[in-house]
Amino acid sequence: MAESLTQKDLLDLFVCELTEFVIVLADPQGTFISWNPGVQEQFGYSAEEFIGQPLDVLIPVPDRLRGDARLELKTAAATGRCSDTRWLVKKGGQRIFVEGITVGLRDKAGELAGFGKVLRDISERKSTDENLRALARALDQSIVIVRQFDGTVEHWTTGCEKFYGYSPHDAVGQICHVLLKTKFPAPLEDIQQRLLKFGSWSGELEHRRKDGTTVFVSTHWLLLTDSEDEPVSVVETQTDITGRLMIQEELENVNERLKSMAFELERSNEELEEFARIASHDLSAPITSARWLVDLLATRHQEKLDADALKIVKQIGQGLARMADLVEGILAHARVGKGAISSLQTANSEEALVAAMANLSREIETSGATIKNGRLPNVQMQPQALSQLFQNLLSNAIKYRRADTSPQIEVSAESDGTKVLFRMRDNGSGIEPEWLERIFQPLQRRSSPDIAGSGLGLATCRKIVGRVGGKIWAESEVGRGSTFLFTLPAPPETETGHRYAAAQEREPDAQ
Ligand code: ADP
């Protein structure tokens with residue numbers, strides 16, 4: 001059976017149990033004389049440490065110096081009570097945010113007998129409140145509209161005011177789609193249907209500001225519903241994408257302009273090539289007949305001409321020969337047109353080299369040239385174009401030989417599976433470093449005019465290689481010879497590389 005307790009005993013028990021509250025008594029000077037276990041639990045002081053301490057012990061030093069404790073007691077003594085929410089310090093110096101009340105206690109005669117103080121830790125609530133306030137501040141700076149389902153604005157943030165120019169006074173109560181002259185990416189009814197079905201909708205909108213300018217936003221609509229699932233309001237969060245769209249638009253414009261310029265350039269290039277092709281073709285016939293007539297003059301009417309006249313006829317013949325070379329060069333260069341090289345065809349490189357050598361058989365024979373080659377992998381291009389490439393390079397290697405040496409030419413190639421690198425090495429005159437790049441430009445001749453040529457052979461080679469996405473360049477040592485290197489696309493056939501690797505091993509036999 002429970003022992004019988006007095007009312008005071010019960011009150012003491014109640015105070016001791018209430019450890020989530022700190023309940024203390026102080027004498028009229030503010031010295032602690034009694035405490036409940038809440039003091040130990042929340043401030044870390046034991047009874048011995050706490051009793052006899054002044055109220056100051058719980059107050060942070062700066063507030064203590066300001067006399068906060070005295071003021072609190074004075075107010076409680078004068079008015080009967082003093083409530084406060086404030087920072088206090090625990091035994092270890094850690095801060096705790098409390099809400100509390102100090103009560104002045106008087107005896108029957110009305111004399112101040114002491115103080116009672118009750119405190120409660122509200123640090124957690126304070127931090128939640130602070131977080132909420134920070135969130136509200138951040139939201140207020142964002143472009144957020146809280147509105148009813150029909151668009152009637154309920155809340156208009158500072159961010160909205162800055163962005164659209166309308167104050168909350170202008171906007172609240174207005175239909176926001178009307179106010180902002182919204183242009184939707186789809187009919188509003190469809191968007192609202194989706195919002196009701198999925199609870200949210202995202203898209204891009206065009207809005208008109210108060211000053212009449214147009215802005216673009218990426219928007220997210222969130223539907224808030226009540227407990228019966230009825231729509232209550234819509235929260236619209238906008239992100240300004242005007243700058244992004246303008247840059248995008250500008251880029252699209254530039255792109256369009258570039259495309260039409262490229263088209264124009266290609267068209268005028270094609271026209272130019274066509275013109276060169278027709279002009280050189282039409283020039284060939286009169287040049288051929290003029291050469292024939294000059295030949296006739298020099299042979300049939302030789303006796304009627306004196307030595308001077310014969311010399312002039314010979315010079316005319318040479319001039320006509322150079323002109324024929326040039327016309328032939330222009331024609332060959334112009335023929336390397338857009339459609340001339342189909343990269344869908346596969347060329348057998350060895351066959352293309354043989355064809356080139358056959359076309360140059362006279363030059364090879366008269367110069368005593370030897371031409372060696374290893375196994376050459378197939379490439380992806382038109383065979384005739386590859387043959388022309390070999391022919392131009394071989395013809396140069398023979399033409400620009402050293403006076404005392406017969407031409408020795410070696411052709412080799414290696415494939416990495418996607419492209420084939422060819423090398424054509426000769427033992428000719430060599431090329432000075434400053435000419436290594438220039439020789440690929442049209443009409444750039446570094447040799448004497450006595451050697452026949454148009455100055456277009458290497459330019460044509462570069463055009464052919466360029467058409468299939470390859471590169472051509474030269475390395476040379478003056479007096480020892482030159483190497484012309486070029487890359488061409490390998491056919492889309494995985495075994496090409498393997499086949500060539502095997503061929504490399506057999507190369508000595510091939511020579
Ligand atoms: P062309 O042979 O008609 O002059 P090319 O465009 O074929 O025109 O060559 C340009 C110049 O490059 C030539 O005039 C010649 O001086 C130089 N060249 C080309 N190939 C060689 C080579 N294998 N060895 C030395 N010089 C060369």
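Since the model is a prediction, treat every value here as computed from it, not as a measurement. Along the sequence shown, the residues carry numbers beginning at 1. Just so you know, ligand 1 is whichever comes first in the structure, and atom 1 is the first atom listed for that ligand.
Asn359 meets the side chain to side chain donor-acceptor pair (under 3.5 Å) test with Gln391; sequence neighbours excluded. Residues satisfying the salt bridge (charged side-chain N to carboxylate O under 4.0 Å, His left out) criterion with Arg291, sequence neighbours excluded, are absent altogether. Every residue two or more places apart in sequence or in another chain that forms a salt bridge (charged side-chain N to carboxylate O under 4.0 Å, His left out) with Lys259 is listed here: Glu256.
In terms of heavy atoms, Pro407 sits closest to Ser367 at CD-O, 3.4 Å.
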Measure from every N or O atom of ligand 1 to the protein's N or O atoms and keep only the pairs below 3.5 Å, writing each with atom names and distance to 0.1 Å.
residue	atom	partner	partner atom	Å
ligand 1	2 (O)	Asn396	OD1	3.2
ligand 1	2 (O)	Lys399	NZ	3.1
ligand 1	2 (O)	Tyr400	OH	2.6
ligand 1	3 (O)	Ser454	N	2.8
ligand 1	3 (O)	Gly455	N	2.8
ligand 1	4 (O)	Tyr400	OH	3.0
ligand 1	4 (O)	Arg445	NE	2.5
ligand 1	4 (O)	Arg445	NH2	3.2
ligand 1	6 (O)	Gly457	N	3.3
ligand 1	6 (O)	Leu458	N	2.8
ligand 1	7 (O)	Asn396	OD1	3.3
ligand 1	7 (O)	Asn396	ND2	2.8
ligand 1	7 (O)	Leu458	N	3.3
ligand 1	8 (O)	Gly455	N	3.4
ligand 1	14 (O)	Tyr400	OH	3.4
ligand 1	14 (O)	Arg446	N	3.3
ligand 1	16 (O)	Arg446	NH1	3.0
ligand 1	16 (O)	Ser447	OG	2.6
ligand 1	20 (N)	Asn396	ND2	3.4
ligand 1	23 (N)	Asp426	OD2	2.9
ligand 1	26 (N)	Arg446	NH1	3.2

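Using cut-offs of 30° and 60° on the angle between ring planes, the pair Phe486 and Phe422 is parallel.
Note on Lys372 versus Glu410: no salt bridge recorded, every NZ/NE/NH1/NH2 to OD/OE distance being 4.0 Å or above.
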